[in-house]
Each structure stands twice: as structure tokens, then as C-alpha cells.
Student: 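Structure in C-alpha cells, see below.
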Amino acid sequence: MIYVTGDIHADLDRFKGKEAKKLKKGDTLIVCGDFGFVWDGSKKEQQVLKWIGKRPYQVLFIEGTHDNLSLLDTYPPVDFCGGRARQISGRCYHLLRGEVYTIESDQIFTFGGGESFDADTRIEGQTWWPGELPTQQELARARETLERCGHVVDYIITHEASSIVKGFLNMDSLHTNQMLAFFDELSKTVRYKQWFFGGCHLDKVIPPKHRAVYQQIVPLKAMR
């Protein structure tokens, strides 16, 4: 069974709490950004990642705005479930932008990244990376991937919400960037069953097709 959760921010207790106990051998947990465990490359961090990679279920994540993009880039892409991913440790993988993965017969489109509202208080290359927003090449690759799928997938996993959904949540819907514009484009051009995102730090269903996830671990098909 596939489950989805929101930002973990390197909180190992999230893997040890009541919510995580529902996960069984062979299940999949997808984290919608801000995984946080790939941060400084320390020996302690490597030990934690090794422990996560040995969970009986596989742990998949997209990047958010609190992940070390430079360190993630040191892991070479490998073939994974019909797309490309980075194997971080054991059954723990980083899902890449603009890929479609087939997991338990479901097609899942992923696109990590975001825009840090507090970038001016962080240090480039240490706590903030300019690559958090996508390049035109990444957007083009994503469009090509979706075109090959006939613009139809089962699920969409992102860190940020589209500006359309942010407007519904009374967030800063007037602010835009190339990623939010792309997400608004997806809302109009791609057929999908559900769209999960984690960056709002909120557990909330937004009918008919969106769900914000944070602390809860919810089944991918919970809304149907």
C-alpha cells in the first residue's frame, strides 16, 4: 500500500511514532518535500539514512526548501519504477523533478522544489540553494514526460501547491514564479485523480482533488 506524508525536517521520531506504525513490509511512504535527512553528510547523518533505508517499507521523497540540493546531486540517478531516481540508502530514494513512476500499478508524477520565503536570512550553499526553483530545462523535460503519458497520470506529488490552491487556502496567491505557473498549467492540462503537496504545513482535504499533508500519514487513495 502507498502512503503519503508531509515535511519531516529530519525528525526521526516521525518514523517511530503512532502514525508510522501503520506501515507494513512492502508498503511505500512518499514524503512531499523537506525530508531533511540529506543535509550535512556527517557520519551521524549517514547512520540515520542507513537506518531509514532498512525500514521494511520503502521511503521515497521529493525535495522541498530544506534539503541540501548540492549534496543530493552527488547521488547518481538510477532507473527506478519506470523513471529516474537517486538511491540514498537501501530502500530510501529521492524522486526527481518531472518524472513519472509506476508504483503498485499507479502512475505518479513528481516535481520537488519550492521558494524559500526566508531566503534572505539563510546562507547560500549552507542553508539555501538557488536550485530550489526549476530551470527551463527541467520544466521542458517535465512537459515531455507528461506528453508521453498523454497528459494523464493517477497522482501528482509536489512540495508546493499551485497558486490556484493557495488562493483557496487564503495564502499568498498573488505571488508567482516559474514553478507555480507550471503547476497552474498542470491543473488545466493534466488529468489526474489526486494531487498531494506538503509545503503548507497543513493536513487538509481541498475538494475535489487536492490534499495538503503534514503530520498525518494518509493512504494515497484515501480520498476516493
Side-chain angles (χ1 to χ4, degrees), residues 4-10 29-39 60-69 72-73 83 85 94-101 108-122 127-143 145-146 153-190 192-216 218 220 223:
V4 185
T5 194
D7 301 10
I8 292 181
H9 292 288
L29 175 64
I30 302 177
V31 182
C32 295
D34 285 355
F35 185 59
F37 290 103
V38 182
W39 187 253
L60 314 178
F61 69 94
I62 60 173
E63 76 278 8
T65 58
H66 290 82
D67 293 297
N68 187 331
L69 302 184
L72 281 172
D73 283 346
H94 170 220
L95 305 180
L96 304 184
R97 299 176 183 179
E99 296 287 328
V100 172
Y101 304 94
I108 302 173
F109 174 80
T110 62
F111 205 97
E115 183 176 12
S116 299
F117 67 90
D118 59 348
D120 59 339
T121 67
R122 301 203 215 171
T127 56
W128 176 81
W129 290 265
E132 64 183 18
L133 284 173
T135 64
Q136 290 302 315
Q137 290 79 8
E138 288 174 323
L139 294 174
R141 179 181 175 85
R143 291 186 178 101
T145 300
L146 290 168
V153 295
D154 293 301
Y155 301 96
I156 295 177
I157 302 287
T158 60
H159 178 63
E160 292 275 14
S162 67
S163 60
I164 296 172
V165 172
K166 285 188 173 185
F168 180 84
L169 293 172
N170 293 319
M171 299 180 69
D172 187 9
S173 59
L174 297 180
H175 175 74
T176 190
N177 55 48
Q178 64 266 39
M179 186 183 64
L180 295 179
F182 174 63
F183 288 172
D184 289 343
E185 175 188 324
L186 295 187
S187 299
K188 300 173 183 177
T189 60
V190 177
Y192 58 93
K193 297 175 182 177
Q194 297 172 49
W195 183 327
F196 292 84
F197 58 94
C200 294
H201 287 193
L202 183 70
D203 286 295
K204 185 179 181 63
V205 175
I206 301 101
K209 292 185 176 184
H210 291 77
R211 183 161 190 161
V213 287
Y214 184 30
Q215 297 283 348
Q216 294 179 355
V218 299
L220 188 72
M223 291 172 61

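All values below were derived from every heavy atom in this structure, side-chain atoms included, with hydrogens, water molecules and symmetry-related copies excluded. Here the structure is a predicted model, which is why all the values come from computation and not from measurement.
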Student: Decide yes or no on side chain to side chain contact (heavy atoms under 4.5 Å, CB included) for F197 and V165, but give the supporting numbers first.
Tutor: CA-CA 10 Å; F197 58 94; V165 172; 3.8 Å; yes
Student: Taking T110 for its side chain and R97 for its backbone only, find out whether a donor-acceptor pair lies under 3.5 Å.
Tutor: no
Student: Only one of V218, I206, L220 clears side chain to side chain contact (heavy atoms under 4.5 Å, CB included) with R211; which?
Tutor: V218
Student: Would the distance check show the side chain of D67 and the main-chain N or O of F35 forming a donor-acceptor pair, the cut-off being under 3.5 Å?
Tutor: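 Indeed, once roles are kept as given, a pair shorter than 3.5 Å links the two residues.
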Student: Ignoring hydrogens, what is the shortest heavy-atom contact between G198 and D7? Give both atom names and the distance.
Tutor: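 So the minimum-distance heavy-atom pair works out to O-OD1, 3.1 Å.
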Student: Can you tell me how far the CZ atom of F182 sits from the OG1 atom of T158, to the nearest 0.5 Å?
Tutor: 10.5 Å
Student: Ignoring hydrogens and angles, tell me if any N or O in the side chain of N68 forms a donor-acceptor pair with the backbone of V38 under 3.5 Å.
Tutor: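 A pair under 3.5 Å: no.
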Student: Roughly how far, to the nearest 0.5 Å, is the CG atom of D154 from the NZ atom of K193?
Tutor: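 K193 NZ to D154 CG: 4.0 Å, rounded to 0.5 Å.
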Student: So, for L69 and E63, which heavy atoms are closest and what is the spacing to 0.1 Å?
Tutor: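 Looking at all heavy atoms of both residues, the closest pair is CD2-CG, 3.7 Å.
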Student: Out of F183, F111, F109, which residue meets the ring pair (Phe, Tyr, Trp, His ring centres under 6.0 Å) rule with W195?
Tutor: F183
Student: Nearest 0.5 Å, what's the CZ-CZ distance between R141 and R143?
Tutor: 14.0 Å
Student: At their closest point, which heavy atom of L96 faces which heavy atom of A85, and how far apart are they?
Tutor: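 Taking L96 first and A85 second, the nearest heavy atoms are CG-CA, 4.0 Å.
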Student: Any chance you could lay out the side chain to side chain contact (heavy atoms under 4.5 Å, CB included) test for H9 and H201, step after step, and finish with the verdict?
Tutor: CA-CA 11 Å; H9 292 288; H201 287 193; 3.3 Å; yes
Student: Looking at Y214, is its backbone amide N or carbonyl O close enough to the side chain of T5 to form a donor-acceptor pair, meaning the two atoms are under 3.5 Å apart?
Tutor: yes
Student: Check whether E160 reaches the backbone of L180 with its side chain - one donor and one acceptor, N or O, closer than 3.5 Å.
Tutor: no
Student: Measure the spacing between CD of Q215 and CD1 of I8 and express it to the nearest 0.5 Å.
Tutor: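 Interatomic distance, Q215 CD to I8 CD1, rounded to 0.5 Å: 9.5 Å.
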Student: Looking only at non-hydrogen atoms, find the nearest pair between V213 and C32 and report the distance.
Tutor: CG2-SG, 3.8 Å
Student: For I157 and L95: C-alpha separation, side-chain torsions, deciding distance, then whether side chain to side chain contact (heavy atoms under 4.5 Å, CB included) applies.
Tutor: CA-CA 10 Å; I157 302 287; L95 305 180; over 6 Å; no
Student: Which atom pair, heavy atoms only, marks the closest approach of G98 to T145?
Tutor: O-OG1, 3.0 Å
Student: Name all residues meeting the side-chain contact (heavy atoms from CB on, under 4.5 Å) criterion together with S116; count only those two or more places apart in sequence or in a different chain, and write none if there are none.
Tutor: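 side-chain contact (heavy atoms from CB on, under 4.5 Å) list for S116, sorted by chain: T65, D118, A119, R122, W128, E132.
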Student: Parallel under 30°, tilted from 30 to 60°, perpendicular over 60°: which one fits the rings of H94 and F61?
Tutor: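 H94 vs F61 ring planes: parallel.
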Student: Can you name the nearest heavy-atom pair linking D184 to S162, along with the distance?
Tutor: OD1-CB, 3.2 Å
Student: List the steps and the verdict of side chain to side chain contact (heavy atoms under 4.5 Å, CB included) for I30 and I108.
Tutor: CA-CA 11 Å; I30 302 177; I108 302 173; 4.0 Å; yes
Student: Kindly assign one of parallel, tilted or perpendicular to the pair H210 and Y192, based on the angle between their ring planes and the thresholds 30° and 60°.
Tutor: perpendicular
